[in-house]
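Below is one structure; the comments refer to it alone.
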Amino acid sequence: MKKILLVACAAALFVSCKNTDTEVAPDAAPKKETDTIVKDTVSVTQATDEAEAPEATEAPKEIVVTAAMEKPVAVEYASFGKKIASTQALTADQMLKKYKTLKKGDTISVKFKSRVADVCKKKGCWMSLDLPKGQSAFVRFKDYGFFVPLNATNSEAIVSGRAFVDVVSVDELKHYAKDGGKSQAEIDKITEPEVTYAFTADGVLLSE
């Protein structure tokens, strides 16, 4: 009987040892199928990032809108006195520099362009043209051979003729002030002669 029990115990131990050999050692890292899924996910993410990278890193494009160049508007002029061309006229700035070089008795032949600041309101026998820095050129017409319209103020004018520095007497200044429609109070304030930038025009163009 004892022999039978010993044999049974030995058999049980043998089976137990065999089952123990087939068990996975606790220190061994079992292969997890999730590792493959994670790696695949990372690969897919990397591939997606690489595909999108060129678009994400592309420098923004600058769009420049260029306005169409406007064509210069041709100015039409009415002619008075001698026929003159509208080209090659000095600007008001250039004309003032010319005047600055003159002294009384000097005369130069020149053509320049400026805005009409004032005009004789009775006959149109003179006009005043704007110059920079609050200055003006007093324009009369050669031999009183022609006049300009009474409503020429603010028109663009091109005048051709002789420029010189003039000293205008008190009586002349008052006469011009009266012709220009100044009040009596303004006329009475004129008490001294005035050095002016004068111009005798033989031809005039006025913008229409």
Side-chain angles (χ1 to χ4, degrees), residues 69-208:
M69 295 291 289
E70 295 184 1
K71 294 182 179 180
V73 178
V75 179
E76 294 185 2
Y77 295 95
S79 179
F80 303 88
K82 177 183 175 181
K83 298 292 183 181
I84 63 173
S86 61
T87 57
Q88 297 181 336
L90 298 181
T91 64
D93 287 306
Q94 293 170 327
M95 191 62 218
L96 180 59
K97 291 178 181 178
K98 291 282 187 183
Y99 272 122
K100 293 290 187 182
T101 65
L102 301 179
K103 60 182 184 294
K104 187 171 177 58
D106 293 341
T107 301
I108 57 172
S109 296
V110 69
K111 178 168 60 176
F112 80 99
K113 176 168 60 176
S114 186
R115 185 189 75 91
V116 178
D118 200 4
V119 66
C120 174
K121 300 299 189 297
K122 288 187 175 181
K123 295 186 294 183
C125 59
W126 58 264
M127 61 183 180
S128 178
L129 300 186
D130 277 338
L131 294 176
K133 301 179 181 179
Q135 302 292 322
S136 61
F138 189 78
V139 181
R140 286 174 285 197
F141 311 114
K142 185 177 180 181
D143 301 327
Y144 281 85
F146 61 94
F147 303 114
V148 295
L150 306 185
N151 62 348
T153 302
N154 293 321
S155 297
E156 181 181 271
I158 299 175
V159 293
S160 177
R162 295 184 303 109
F164 54 98
V165 176
D166 192 19
V167 179
V168 184
S169 68
V170 172
D171 289 340
E172 285 181 292
L173 290 173
K174 287 186 175 183
H175 173 74
Y176 294 139
K178 186 176 180 179
D179 286 350
K182 303 295 184 183
S183 67
Q184 189 59 46
E186 291 175 300
I187 294 173
D188 291 340
K189 289 180 181 179
I190 302 173
T191 59
E192 295 181 359
E194 182 179 289
V195 177
T196 64
Y197 296 133
F199 197 95
T200 300
D202 51 30
V204 174
L205 295 176
L206 289 175
S207 61
E208 296 183 322

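- By the 4.5 Å heavy-atom criterion applied to side chains, V119 and S128 are not counted as neighbours.
- To the nearest 0.5 Å, atoms CZ (R115) and OG (S207) are separated by 11.0 Å.
- Residue pairs meeting the ring-ring contact (aromatic ring centres under 6.0 Å, His included) criterion with at least one partner in residues 181-208, sequence neighbours excluded, are Y99-Y197, F112-F199.
- Among all heavy-atom pairs drawn from K111 and Q88, the shortest one is CE-O, 3.9 Å.
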Subject >> Residues K178, I187; criterion side chain to side chain contact (heavy atoms under 4.5 Å, CB included); working and verdict >> reply: CA-CA 7 Å; K178 186 176 180 179; I187 294 173; 3.9 Å; yes
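- Closest approach of E172 and V168 over heavy atoms only: CB-CG1, 3.5 Å.
- In this structure, the separation between CG on L102 and OG1 on T107 is 8.0 Å, given to the nearest 0.5 Å.
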**OP:** Please assess D166 against K104 for the test side chain to side chain contact (heavy atoms under 4.5 Å, CB included), listing each intermediate value before the final yes or no.
**Re:** CA-CA 6 Å; D166 192 19; K104 187 171 177 58; 4.0 Å; yes
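- Residues V170 and P193 come closest through the heavy atom pair CG2-N, 3.6 Å.
- G203 approaches I84 most closely through the heavy-atom pair O-CD1, 3.7 Å.
- Ion pairing of K98 with D93 is absent here, as no side-chain N (NZ or NE/NH1/NH2) approaches a carboxylate O to less than 4.0 Å.
- Taking the ring centroids of F146 and F80, they lie at or beyond the 6.0 Å cut-off.
- Using a 4.5 Å cut-off on side-chain heavy atoms (C-beta onward), K103 and V165 make no contact.
- Rounding to the nearest 0.5 Å gives a distance of 9.5 Å between CG of L96 and OG1 of T91.
- In this structure, the separation between OG1 on T200 and CZ on R162 is 4.5 Å, given to the nearest 0.5 Å.
- Side-chain contact between E156 and K113: present, with at least one pair of heavy atoms (C-beta onward) separated by less than 4.5 Å.
- A heavy-atom distance below 4.5 Å is found between the side chains of M95 and L131.
- Side chain of E186 to main chain of S183: a donor-acceptor pair is present (N/O by atom type, distance under 3.5 Å, no hydrogens or angles).
- Annotation: the span from K82 atom NZ to K142 atom NZ amounts to 7.5 Å, rounded to 0.5 Å.
- The shortest distance between side-chain heavy atoms of M127 and F141 falls below 4.5 Å.
- Taking OG1 of T153 as the reference point, atom CG of D118 lies at 5.5 Å (rounded to 0.5 Å).
- When every heavy atom of Y77 is checked against every heavy atom of S86, the shortest pair comes out as CE1-CB, 3.9 Å.
- With a 4.5 Å cut-off on side-chain heavy atoms, V159 and L129 count as touching.
- Sorted by first then second residue, the ring-ring contact (aromatic ring centres under 6.0 Å, His included) pairs that include residues 150-172, not counting sequence neighbours, number zero.
- Of all heavy-atom pairs between A157 and L206, the closest is CB-CD2, 3.6 Å.
- A salt bridge is absent between K174 and D171; no separation between the charged side-chain nitrogens and carboxylate oxygens falls under 4.0 Å.
- Between C120 and Y176 the shortest side-chain heavy-atom distance does not fall below 4.5 Å.
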